[in-house]
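Okay, so here's the structure we're looking at.
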Number of protein chains: 2
Amino acid sequence: MNVRTLCLGILAFDEASGYEIKKAVEDGMFSHFIEASYGSIYPALTHMLADGLVTVREQLQEGKPLKKVYSITEAGRKALKNSLHELPQQDKFKSEFLFQALFRDQVEMKHLEAVFDGQMAFLYDELATIEECRQSAEPGSGHAFVNGYGRAVVSAAIQYMEESRSSLGLPEKTISSDAAE
Amino acid sequence: MNVRTLCLGILAFDEASGYEIKKAVEDGMFSHFIEASYGSIYPALTHMLADGLVTVREQLQEGKPLKKVYSITEAGRKALKNSLHELPQQDKFKSEFLFQALFRDQVEMKHLEAVFDGQMAFLYDELATIEECRQSAEPGSGHAFVNGYGRAVVSAAIQYMEESRSSLGLPEKTISSDAAE
DNA sequence: CCTCACATGTAATGAGTTACATGATTGG
DNA sequence: CCAATCATGTAACTCATTACATGTGAGG
């Protein structure tokens, strides 16, 4: 999938600016698909505007810079549907964290612990984001399915990580002020 | 992570040819980290050879073409360790399957079913691959941890998918003996 | 005052994929 | 004979990231 399709998908739900799209991809409702930087989002929007897949409207705001709000067109919806049908019908579980875990004997214990804790922090953060999104997702919607899937997978990862901590030779984590589940 | 680091990691376990690396990344013990094509693997090996991170040995085989077997050097191990320490300490759950699921209302039911079944097939296949790898992974090793993680996550995904089938409006899957079209 | 959040964009660069190009051998 | 598997490699191309470039307004 490319950034164009991602943006089109987001705009199919609601109009948005490039900045808002970035935020949604970074953290929000659309953070579980692919990554995208400003350097790919803005050109994608410009390109789609030229192709008539989106329209733009400049919005003046009080106390904030001018915002260019993009809306999807009928042609855009058609293009999205088309792209959707062309996407591969499988995806892969790939993890760079696992790659690092693979070499646990070859790195310093301190580093392994940092990596493990980093992944743990990520997983808990991810779960929190998902729970947050679950609030605003209506039951039976695509969003609800996505959040349910994410929650199932992330929870399983957390559980396995917690169980594995000692077997990797890592010290027990004394809970300082963390949010327990 | 780049393909160079991936290859180096694989070679840290055992010597291999470019072709063998590709197979291991496609299907085998090293299929859960990043993807890599011949077009990236061969140049990576050539590059690392020039840098002295690996050595090469040409191996004649009966009934098969000549094979170039690469082995990691001490400098290679050092470089690997270095790269490992520089990798990001988090990774992301990204899924293009979920993106498609998001638009379940906007695609034809037939397509949604194909995508769903495709993902299901992938998950079961993945689980089978992992179980297979578990046989050859010695307990307590990095491989064992990786396989355990993969198994936990993939199992959770399968369970959620099975539970969600009907709620997505998909027909119950009759155990496939009459799957011929 | 200075930094952060908001907001938009471009250009150089880099990393990888796809398609191309070749060729041996085995099995149906 | 033809397809598949084994095996190595290159070149054009795509796509996205990073760094650059600019500017406003709010709040500590």
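Here the structure is a predicted model, which means the values were calculated and not measured. Letters A, B, ... are given to chains in the order of the sequence lines, protein chains preceding strands, and every chain is numbered from 1.
- The separation between B:Lys67 atom NZ and D:dC6 atom P is 10 Å, rounded to whole Å.
- Between B:Phe97 and A:His32, the ring centre distance reaches or exceeds 6.0 Å.
- Over its full length, the helix from C:dC1-D:dG28 to C:dG28-D:dC1 turns its helical axis through 30°, comparing axes from the five pairs at each end and rounding to 10°.
- For A:Arg104, the side chain to side chain contact (heavy atoms under 4.5 Å, CB included) partners two or more places apart in sequence, or in a different chain, are A:Leu112, A:Leu168.
- Here A:Glu113 does not pair with A:Lys110 in a salt bridge; the nearest charged N to carboxylate O distance is not below 4.0 Å.
- Between A:Lys23 and A:Glu26 there is a salt bridge, since a side-chain N of the basic residue sits under 4.0 Å from a carboxylate O of the acidic one.
- Distance B:Lys92 NZ to D:dA16 P: 17 Å, rounded to the nearest Å.
- Only at 4.0 angstrom or more do the heavy atoms of residues 19-32 of chain B sit from any atom of DNA chain C, so none qualifies.
- When the C1' atom of D:dT22 is taken as reference, atom NZ of A:Lys68 falls 14 Å away, rounded to whole Å.
- Considering all non-hydrogen atoms of both residues, B:Ala144 and B:Glu138 come closest at CB-O, 3.7 Å.
- Note on B:Ser17: only backbone sugar-phosphate atoms sit closer than 4.0 angstrom, heavy atoms only; bases stay farther off.
- At the phosphate of D:dG25, neither OP1 nor OP2 sits under 4.0 Å from any side-chain N or O atom of A:Gln61.
- One atom, CG of A:Leu45, and another, C1' of C:dA7, lie 13 Å apart when rounded to the nearest Å.
- No salt bridge links B:Asp27 with B:Lys22; every basic N to acidic carboxylate O contact stays at or beyond 4.0 Å.
- B:Ala36 and B:Leu6 make their closest contact through CB-CD2, 4.0 Å (heavy atoms, listed as atom of the first residue, atom of the second, distance).
- With rounding to whole Å, B:Lys94 atom NZ is found 14 Å from D:dA16 atom P.
- By the 4.0 Å N-to-carboxylate-O rule, B:Glu108 lies close enough to A:Lys81 to be salt-bridged with it.
- We find that CD1 of B:Ile41 is positioned 15 Å from P of D:dC6, with the value rounded to whole Å.
- Residues satisfying the side chain to side chain donor-acceptor pair (under 3.5 Å) criterion with A:His47, sequence neighbours excluded, are A:Asp51.
- Closest heavy-atom contact between B:Leu11 and B:Ala16: CD2-N, 3.5 Å.
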| Under 4.0 Å protein heavy-atom contact, by nucleotide of nucleotides 15-28 of chain C - B base, S sugar-phosphate only | -SBB----B-SS--
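- Residues meeting the side chain to side chain contact (heavy atoms under 4.5 Å, CB included) test with B:Ala79, sequence neighbours left out: B:Leu8, B:Leu53.
- Between B:Leu60 atom CG and D:dT8 atom P the separation is 12 Å, expressed in whole Å.
- The separation between A:Tyr42 atom OH and D:dA21 atom P is 18 Å, rounded to whole Å.
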